[in-house]
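Because only heavy atoms are used, hydrogens play no part in the values below, and waters and symmetry mates are left out as well, while side chains stay in. Fair warning: this is a prediction, and the values are worked out from it, not measured in the lab. Whatever order the structure lists ligands and atoms in, that order sets their numbers, starting from 1.
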Amino acid sequence: MASVLLPTDENLELLRNVLRDGGLVAIPTETVYGLAANAFNSSACENIYQAKGRPATDPLICHVASVSIAQSIASFNQLSRHLADLFWPGPLTLILPKAKVIPDIVTAGLDSVGVRCPIHPVFRQLIESLEFPLAAPSANPFAYISPTTAAHVADNLGDKIDYILDGGPSALGLESTIVDARNESAPVLLRHGALGKTEIENRAGIKLIDLASSVTQGPAVAPGSALKHYSPMTPLVLSTNPLEDHETDSSACLLWKKPAGNISGNVFWLSANGSLEEAGARLYAALHEIDQLGFKQIIAQTFPEEDLGSALNDRLRRAAAK
Ligand code: TXA
Ligand code: MG
């Protein structure tokens with residue numbers, strides 16, 4: 001079973017050495033926990049795919065401490081540099097032309113690499129004195145819900161890895177937004193995520209081509225965007241009126257907003273005051289918890305279709321996919 005370590009100086013140095021030796025460490029980020037390895041070490045990265053049961057066609061994101069380190073593993077044009085300056089460190093992944101130093105296994109053979117610079121303080125403490133970037137997908141078994149606590153990682157991958165760095169619950173609770181700005185005149189949104197599309201567009205003064213909303217997109221667009229993804233074991237269905245659809249004791253009803261009045265019987269909600277940010281931060285944790293309770297079905301309320309709500313609906317639709 002994996003050891004869950006708190007971020008003391010001693011533990012951080014131990015984990016840096018595990019990474020230097022080609023080991024795997026689950027790490028906290030502000031979005032979700034990642035399963036990290038030295039991005040320059042092909043066999044360490046191979047072990048990430050093994051531990052997750054992830055297809056070799058689905059590339060890994062490289063995590064860095066700064067724009068200048070990112071520039072040593074990928075090339076930036078003016079627009080991607082502008083986006084990095086605006087939103088890094090933070091929940092934005094940029095797809096960039098890769099440098100030779102990144103092994104093919106990291107990018108699943110593509111000539112581009114996903115690069116992200118997280119803001120989580122524990123992650124930054126760990127990476128700032130490492131000599132290499134960290135390749136890290138979300139630390140969940142392939143297609144299952146992403147982890148937002150060290151305990152989620154321990155429950156789902158604890159028998160496959162040795163170390164989990166506990167940095168507390170992920171504040172945002174939803175994966176990074178992915179943008180491919182290699183073509184400056186036609187930047188593309190590849191995955192909705194914790195950074196809103198409108199916020200990117202407004203602050204960067206650009207329009208994004210939204211390829212993330214299409215649930216039928218294939219491998220050519222974004223390798224990891226298979227429709228069924230982020231799924232609990234318990235079958236999940238979406239509803240705009242979940243309390244009405246919720247008829248039996250055998251199903252759980254998951255609302256994003258606390259309903260008015262007295263509510264009884266297997267009804268869960270994500271935010272008491274109807275904050276989408278709070279609901280988003282708690283969605284995966286709630287799905288993990290409900291998944292342990294043995295219901296036959298989860299009836300989940302759709303979020304309002306706006307920015308963060310769209311990102312959350314995207315995850316619910318994929319969780320509901322058969
Ligand atoms: O918030 C996050 O992004 C988290 C934390 C740990 O940083 N990571 C994460 O990684 O969600 P992962 O591997 O679960 O999702 C990354 C997605 C995958 O769908 C992958 O296919 C896509 O990014 N991706 C990676 N490199 C790519 C590339 N070069 N071109 C297109 N898509 C890429
Ligand atoms: Mg993932």
- Message: If you compare all heavy atoms of N77 against all heavy atoms of E184, which two are closest, and at what distance to 0.1 Å?
- Response: ND2-CG, 3.2 Å

- Task: Mind listing the closest non-hydrogen atom pair of A108 and Y49 along with its distance?
- Result: N-OH, 4.2 Å

Can you check which of [options] brings a heavy atom nearest to [atom]?
atom                    : options               : value
atom 21 (O) of ligand 1 : L190, V106, D58       : D58
atom 30 (N) of ligand 1 : I48, I95, L35         : I95
atom 22 (C) of ligand 1 : I178, L134, V115, V32 : I178
atom 33 (C) of ligand 1 : A74, C117, P59        : P59

Give the atoms of ligand 1, by number and element, whose distance to some non-hydrogen atom of [X] is under 4.0 Å.
X    : value
S176 : 1 (O), 2 (C), 3 (O)
G34  : 6 (C)
L110 : 28 (C), 29 (N), 30 (N)
I61  : 3 (O), 8 (N), 9 (C), 10 (O), 16 (C)
T31  : 1 (O), 2 (C), 4 (C), 5 (C)
S112 : 28 (C), 29 (N), 30 (N)
E175 : 1 (O), 11 (O)

- Task: Using distance alone, determine whether Y33 and ligand 1 share an N or O pair under 3.5 Å.
- Result: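 No, no N or O pair falls under 3.5 Å.
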
- Task: Apply side-chain hydrogen bond (donor to acceptor under 3.5 Å, both in side chains) to the pair N313 and S310, showing each step before the final yes or no.
- Result: CA-CA 5 Å; N313 282 334; S310 304; 5.8 Å; no

- In Å, rounded to the nearest 0.5 Å, how long is the span from CZ of R116 to OG1 of T31? 4.0 Å

- Message: Any non-hydrogen side-chain atom of L243 less than 4.5 Å from a side-chain atom of C253?
- Response: yes

Mode of [X] contact toward ligand 1 - side chain, backbone, both, neither (heavy atoms, under 4.0 Å):
X    : value
R54  : side chain
T107 : neither
H63  : side chain

Donor-acceptor contacts under 3.5 Å from residues 132-139 side chains, at least two apart:
| residue | atom | partner | partner atom | Å |
| --- | --- | --- | --- | --- |
| S138 | OG | N140 | OD1 | 2.5 |

- Query: Do side-chain atoms of Y33 reach the backbone of A151 as a donor and acceptor pair under 3.5 angstrom?
  - Reply: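 Checked: no pair found.
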
- Side chains of S170 and E30: is there a donor and an acceptor less than 3.5 Å apart?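 No - no donor-acceptor pair under 3.5 Å links their side chains.
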
- So is K98 close enough to ligand 1, meaning a heavy atom under 4.0 angstrom away?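 Under 4.0 Å: no for K98.
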
- Message: Looking at E10, I'd like to know if its CD atom is crowded, meaning that more than 12 non-hydrogen atoms belonging to other residues, nucleotides or ligands lie closer than 6.0 Å.
- Response: no

- Item | Pair R16 + E131: basic N to acidic O under 4.0 Å |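 No.
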
- Message: Below 2.8 Å, can you find an N, O or S atom of S146 next to the Mg ion (ligand 2)?
- Response: no

- Query: What class does the angle between the rings of Y284 and Y230 fall in, given that below 30° is parallel, 30 to 60° is tilted and above 60° is perpendicular?
  - Reply: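 Parallel, since the angle between the ring planes stays under 30°.
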
